2 protein chains.
Amino acid sequence: MRLAELSTETGVSVATLKYYLREGLLHAGRAMSRTQAEYDETHVDRVRLVRALSEVGGLSLATIEQVLEVITEPGTDRLHVLEVAQRTLARASRTVGSDEGASVRRVRAWIEQHGWEIDPQDPFIDDLARAWEACDHAALGLDEERMDRYADHVEGIAEVDVSTVPADPEAAVRHVVLGTLLVDPVLVALRRLAQQHVSRGLQGAAARGTGTATDDADGMVSS
Amino acid sequence: MRLAELSTETGVSVATLKYYLREGLLHAGRAMSRTQAEYDETHVDRVRLVRALSEVGGLSLATIEQVLEVITEPGTDRLHVLEVAQRTLARASRTVGSDEGASVRRVRAWIEQHGWEIDPQDPFIDDLARAWEACDHAALGLDEERMDRYADHVEGIAEVDVSTVPADPEAAVRHVVLGTLLVDPVLVALRRLAQQHVSRGLQGAAARGTGTATDDADGMVSS
DNA sequence: TGACTTTGGATAGTAGACCTCTCCAAACTG
DNA sequence: CAGTTTGGAGAGGTCTACTATCCAAAGTCA
């Protein structure tokens with residue numbers, strides 16, 4: 001197919017596709033002549049993937065380029081699949097600076113007492129430390145005990161993640177990287193919906209319990 | 001304190017603080033004279049919150065402004081606490097366009113059969129539809145059954161969320177909005193760490209079975 | 001008192017990200 | 001063989017989040 005067809009197929013403008021070609025986000029088509037090139041399904045898939053990572057995953061184009069590099073690279077040692085994937089994801093996350101402070105030590109201590117076996121140098125420890133610290137500043141009451149409760153549920157999610165990774169190492173890198181990046185938004189949306197469902201349940205219970213009419217009923221979100 | 005002190009206290013440059021003042025992200029200090037203003041702890045908190053929402057939460061300044069507007073607005077009907085919070089969060093999420101297609105219908109059907117009680121017009125249904133669709137295009141094998149498994153774990157998270165919301169309605173809006181936005185990154189980081197922990201468990205089990213030796217430097221990414 | 005520095009406020013400028021426009025000559029179309 | 005379309009390349013545009021400059025009044029110190 002021509003560039004214009006690729007455009008209508010993916011809903012991305014020709015100008016933008018040209019830009020992606022220039023930036024190396026999209027591999028060149030098979031040149032039929034100096035002013036004619038042929039694109040195929042791999043190009044359609046690639047464009048859709050770039051858009052998904054950008055719009056749904058919220059990644060920058062520079063990050064997407066790095067992600068694409070890793071998941072299309074052929075020579076991946078089957079021993080280091082997860083390592084490579086994690087390193088890609090670490091770079092994908094907007095790592096700003098290194099904190100190395102008390103918050104990182106707290107996270108390490110918490111991980112240990114929670115019983116998780118994790119490399120103490122793992123870059124996501126920094127991410128967690130920063131995020132946890134932000135919650136502290138906002139006085140959200142996120143303490144070790146609540147973190148434990150979150151972690152137990154998240155571990156269940158991670159088990160689903162890991163159990164669905166294919167055996168083939170090349171497919172595995174792709175699956176882990178994309179599965180992590182693209183499922184994150186799914187989980188975020190699910191959380192919002194679940195909050196609504198759960199608080200509705202409480203509201204219903206409160207209404208049944210107190211028998212309040214429409215007016216002045218307080219039981220909304222409160223526990 | 002002076003603007004310069006606010007700057008050293010928060011680690012944000014004076015120029016940037018002036019910018020925040022102009023944009024309305026930071027309330028003005030108490031003017032002592034035409035060239036002197038007094039700032040206090042509320043300003044320090046506010047600046048830290050803005051930075052947290054920006055750097056940790058990844059929100060744009062325009063979105064942060066809307067969030068601040070809601071969580072500082074005094075007159076919140078205690079009936080609509082969650083509604084207000086959800087609407088704020090809906091605007092906070094980068095809603096691009098309306099899909100209204102088959103993917104939205106699938107999500108609605110899935111929610112119903114999963115047994116969640118949710119407003120069919122909920123904006124996060126669109127978000128979930130988009131995210132799920134992106135996973136489909138990437139061939140990640142995210143089917144209804146796996147979604148059920150994710151949802152069960154996420155429901156546990158939402159129960160923790162809801163159970164920690166304070167009774168006071170004004171505090172509740174703040175808590176729900178910030179708790180949702182700032183805890184998201186915590187959960188994301190936890191998921192990465194949990195994946196590592198879980199797959200280490202499997203790898204350990206496999207290694208005990210096969211007894212592999214590792215040498216041969218990891219073929220790629222180093223910088 | 002008077003030189004000097006600091007302050008808040010306003011305006012303009014900058015850097016990066018992500019496109020979008022314009023031009024071009026070759027190639028395809030009727 | 002006139003007219004349109006194509007791929008390619010570079011410049012230009014828009015948005016976001018700052019950053020730098022300027023100014024006059026206010027504070028500071030000898």
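As a basis for the values below, the full set of heavy atoms in this structure was taken, side chains included, without hydrogen atoms, waters or symmetry mates. For clarity, every value in this text was computed on a predicted model and none was experimentally measured. Just so it is clear: chains get the letters A, B, ... in the order the sequence lines come, proteins before strands, and each one is counted from 1.
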Sugar-phosphate, base or nothing in reach of B:Ala31, heavy atoms under 4.0 Å: nothing

Sugar-phosphate only, base, or nothing, as touched by B:Ala37 at under 4.0 Å among non-hydrogen atoms: sugar-phosphate

Mutual orientation of the aromatic rings belonging to B:His27 and B:His43 [parallel < 30°, tilted 30-60°, perpendicular > 60°]: parallel

Plane angle bin for A:Trp116 and A:His114 - parallel if under 30°, tilted between 30 and 60°, otherwise perpendicular: perpendicular

Value in whole Å for how far the [atom2] atom of [N] lies from [atom1] of [X]:
X	N	atom1	atom2	value
B:Arg22	D:dC18	CZ	P	12 Å
B:Glu55	D:dA17	CD	C1'	12 Å
B:Glu65	D:dA17	CD	C1'	14 Å
B:Lys18	C:dA12	NZ	P	16 Å
B:Tyr19	D:dT16	OH	P	9 Å
B:Tyr39	C:dG8	OH	C1'	7 Å
B:Leu3	C:dG8	CG	P	4 Å
A:Leu6	D:dT6	CG	P	12 Å

B:Asp136 with B:Arg106: basic N within carboxylate O range, under 4.0 Å: yes

Check ion pair B:Arg2-B:Glu38 (N to O, under 4.0 angstrom): yes

Under 4.0 angstrom between B:Tyr20 side-chain N/O and D:dC18 OP1 or OP2: yes

Which nucleotide in the set [options] lies at the smallest distance from any side-chain heavy atom of [X]?
X	options	answer
A:Gln36	C:dT7, C:dC28, D:dC18	C:dC28
A:Thr35	C:dT7, C:dA27, D:dG10	C:dA27
B:Leu21	D:dC18, C:dG9, D:dG27	C:dG9
A:Arg34	C:dT7, C:dA26, D:dG7	C:dA26

Closest-nucleotide 5' rank along DNA chain D - winner of B:Ser13 and B:Ser33: B:Ser13

Between A:Tyr20 and A:Arg51, a side-chain donor and acceptor under 3.5 Å: yes

Nearest-nucleotide comparison on DNA chain C, the residue closer to the 5′ end among A:Thr16 and A:Met32: A:Thr16

